Each structure stands twice: as structure tokens, then as C-alpha cells.
Colleague: 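The following block contains the structure, expressed as C-alpha cells.
Quick caveat, the model's predicted, so the values are computed rather than measured. We count residues from 1, following the sequence as given.
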Amino acid sequence: MRRDFVYHLYNVEHDRFLDLLSKCSEDKRMVVPEGFNTSLYWHLGHVLRVTEFHVFDLAAQPKTLPQKYHELFFYGTKATEWNAEQLEQLPDWDTMIALIKEQREHIYNTLKNRLDESVPEKKVENFGELILTTAAHLSNHNGVEAAMLQVLKQKKHAIQKQQSKYYI
């Protein structure tokens with residue numbers, strides 16, 4: 001498997017993911033837009049945790065994230081279902097942004113020469129395929145994030161229009 005190809009696909013989706021997140025204002029990060037079941041904050045934590053799962057857990061490699069990331073962001077979790085205790089232990093946005101950037105470097109530095117190495121996971125054959133699975137997962141979340149940002153933006157414009165009616 002060609003290393004340049006695998007990392008190009010992963011990096012394109014990873015960069016797009018971070019770019020979309022950068023467009024979300026701080027006051028909208030925890031908002032669950034109408035028609036969605038979670039927030040952009042949750043998407044950040046989810047991609048961070050699930051990337052670790054796809055690339056390291058499925059390959060029986062050591063994990064780096066604390067257990068709370070699994071409880072808050074793994075498959076089947078939703079921001080709307082967090083209890084008071086979980087809300088108190090939410091990681092900081094900037095911490096998660098730093099972690100996801102470090103995670104990309106860790107994936108590259110750890111696996112750059114191991115893409116064809118077999119992994120125990122039966123649905124894929126090697127590390128390269130695990131990284132491509134992660135790129136596909138990122139692509140899916142990029143689409144959802146883009147839609148969420150559009151809804152949040154429309155909501156802002158709708159509120160501004162409603163407010164301007166009263167000031168005309």
C-alpha cells in the first residue's frame with residue numbers, strides 16, 4: 001500500500017475536519033441544532049476517540065486517551081444524554097484540538113512504515129486499511145459538520161432578521 005496515498009487521503013479529511021471546526025464560534029460549540037442529535041463539540045471528541053479505536057484499538061496497540069473519552073464520545077453516545085457528572089468532566093475544546101493534532105502525528109510516526117503490517121481485526125487486513133477507514137469516518141463527519149454549521153448560521157441570520165424587525 002502506498003504510504004503517500006494513504007496519508008494524503010487521511011490528511012485531506014483531517015484538515016477539512018479542523019477547518020470546519022474553526023468556523024464554529026465558541027458560543028455554538030455545545031449547541032445541538034434542530035434536526036441533529038448532538039453538537040459540534042461532541043463531533044470533535046467522537047472523532048478523536050473513534051480514530052484511536054479504528055487505528056489503535058482494532059490493531060491491539062496501546063491507547064493514549066483517558067477512559068472518559070470513551071464514555072463521552074464513543075459510538076452510541078450523544079451530547080443530549082450526558083448526565084451532570086459527565087458534564088462536569090468534559091474536556092476543554094482547545095485541549096481536544098491539540099490532542100487531535102497530536103494524534104495525527106502519532107499515527108504517522110508510529111505507523112508510517114507499517115501500513116502493510118497485518119492487524120488482528122478481521123474486517124481489514126492491515127494498518128493502511130485502518131487509516132483509510134478513519135479517513136472515511138472523517139469524511140462522514142465532515143459532511144455532518146458542514147450541514148450543522150449551515151443550520152447554525154441560518155438560525156443566527158433568522159434571529160438577526162427577527163431582531164431587526166423591531167428596530168426598523
Side-chain angles (χ1 to χ4, degrees), residues 1-24 29-30 32-33 35-82 86 89-151:
M1 185 168 294
R2 281 191 30 235
R3 178 173 58 194
D4 291 347
F5 174 75
V6 170
Y7 284 107
H8 172 74
L9 287 178
Y10 175 69
N11 287 329
V12 164
E13 297 302 336
H14 194 277
D15 289 343
R16 177 79 172 131
F17 183 77
L18 290 175
D19 181 59
L20 286 164
L21 289 176
S22 74
K23 295 176 181 179
C24 182
R29 293 173 182 168
M30 295 292 284
V32 177
F36 295 88
N37 62 8
T38 198
S39 63
L40 288 168
Y41 175 89
W42 178 88
H43 280 271
L44 171 57
H46 174 74
V47 165
L48 184 60
R49 173 58 187 111
V50 170
T51 296
E52 181 174 81
F53 171 72
H54 283 174
V55 178
F56 295 106
D57 291 7
L58 292 178
Q61 299 294 303
K63 293 184 240 185
T64 59
L65 295 173
Q67 178 62 27
K68 71 179 177 181
Y69 282 79
H70 183 84
E71 296 159 4
L72 295 166
F73 304 115
F74 201 61
Y75 289 117
T77 63
K78 296 177 186 168
T80 55
E81 296 176 356
W82 288 333
Q86 289 173 313
Q89 61 175 310
L90 291 177
D92 178 69
W93 175 274
D94 292 334
T95 299
M96 290 195 297
I97 292 289
L99 285 172
I100 204 164
K101 290 176 180 178
E102 290 170 16
Q103 185 180 60
R104 175 175 25 192
E105 295 303 314
H106 180 60
I107 289 169
Y108 182 76
N109 292 331
T110 305
L111 304 176
K112 65 184 172 193
N113 296 318
R114 300 173 61 192
L115 295 184
D116 292 320
E117 187 177 312
S118 296
V119 296
E121 172 58 29
K122 301 296 182 224
K123 294 179 184 175
V124 298
E125 292 183 7
N126 54 46
F127 282 113
E129 290 180 11
L130 288 174
I131 294 169
L132 290 174
T133 299
T134 298
H137 183 249
L138 274 165
S139 179
N140 178 54
H141 282 276
N142 287 342
V144 174
E145 278 185 41
M148 290 175 77
L149 286 167
Q150 284 297 315
V151 170

Colleague: Which atom names give the shortest non-hydrogen contact between Gly45 and Met96, and what distance separates them?
Modeller: CA-SD, 3.7 Å
Colleague: In chain order, what residues pass the side-chain contact (heavy atoms from CB on, under 4.5 Å) check against Glu121, with sequence neighbours excluded?
Modeller: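 For Glu121 the side-chain contact (heavy atoms from CB on, under 4.5 Å) partners, ignoring immediate neighbours, are Leu58, Val119, Lys123, Val124.
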Colleague: Surrounding NZ of Lys68 (heavy atoms of other residues, nucleotides or ligands, distance under 6.0 Å), is the total greater than 12?
Modeller: yes
Colleague: Quick check for you: to the nearest 0.5 Å, what is the distance between Leu115 atom CG and Glu129 atom CD?
Modeller: 10.5 Å
Colleague: Main chain of Tyr7, side chain of Asn11: is a donor-acceptor contact present, judged purely on distance under 3.5 Å?
Modeller: yes
Colleague: Using only atom types and a distance under 3.5 Å, with no angle test, would you say the side chain of Ser139 pairs donor to acceptor with the backbone of Ala135?
Modeller: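 Not confirmed, Ser139 side chain does not pair with Ala135 backbone.
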Colleague: Quick one: list whatever passes side-chain hydrogen bond (donor to acceptor under 3.5 Å, both in side chains) with His14, sequence neighbours left out.
Modeller: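 His14 satisfies side-chain hydrogen bond (donor to acceptor under 3.5 Å, both in side chains) with Arg104 once adjacent residues are dropped.
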Colleague: What is the distance from atom CG of Leu149 to atom NZ of Lys23, rounded to the nearest 0.5 Å?
Modeller: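 With rounding to 0.5 Å, CG (Leu149) is 8.0 Å from NZ (Lys23).
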Colleague: Let me confirm one number: the OG1-OH distance from Thr64 to Tyr69, rounded to the nearest 0.5 Å.
Modeller: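 Taking OG1 in Thr64 and OH in Tyr69, the distance rounds to 9.5 Å.
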Colleague: Answer whether the closest heavy-atom distance between the side chains of Arg29 and Leu21 falls below 4.5 Å.
Modeller: no
Colleague: Out of the candidates His137, Glu13, Arg16, only one should pair with Asn142 under the side-chain hydrogen bond (donor to acceptor under 3.5 Å, both in side chains) rule; please name it.
Modeller: Glu13
Colleague: For residues Trp42 and Thr80, is any side-chain donor paired with an opposing acceptor at under 3.5 Å?
Modeller: no
Colleague: Measure the CZ-NE2 distance between Arg2 and His8 for me, rounded to the nearest 0.5 Å.
Modeller: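 These two atoms lie 10.0 Å from each other.
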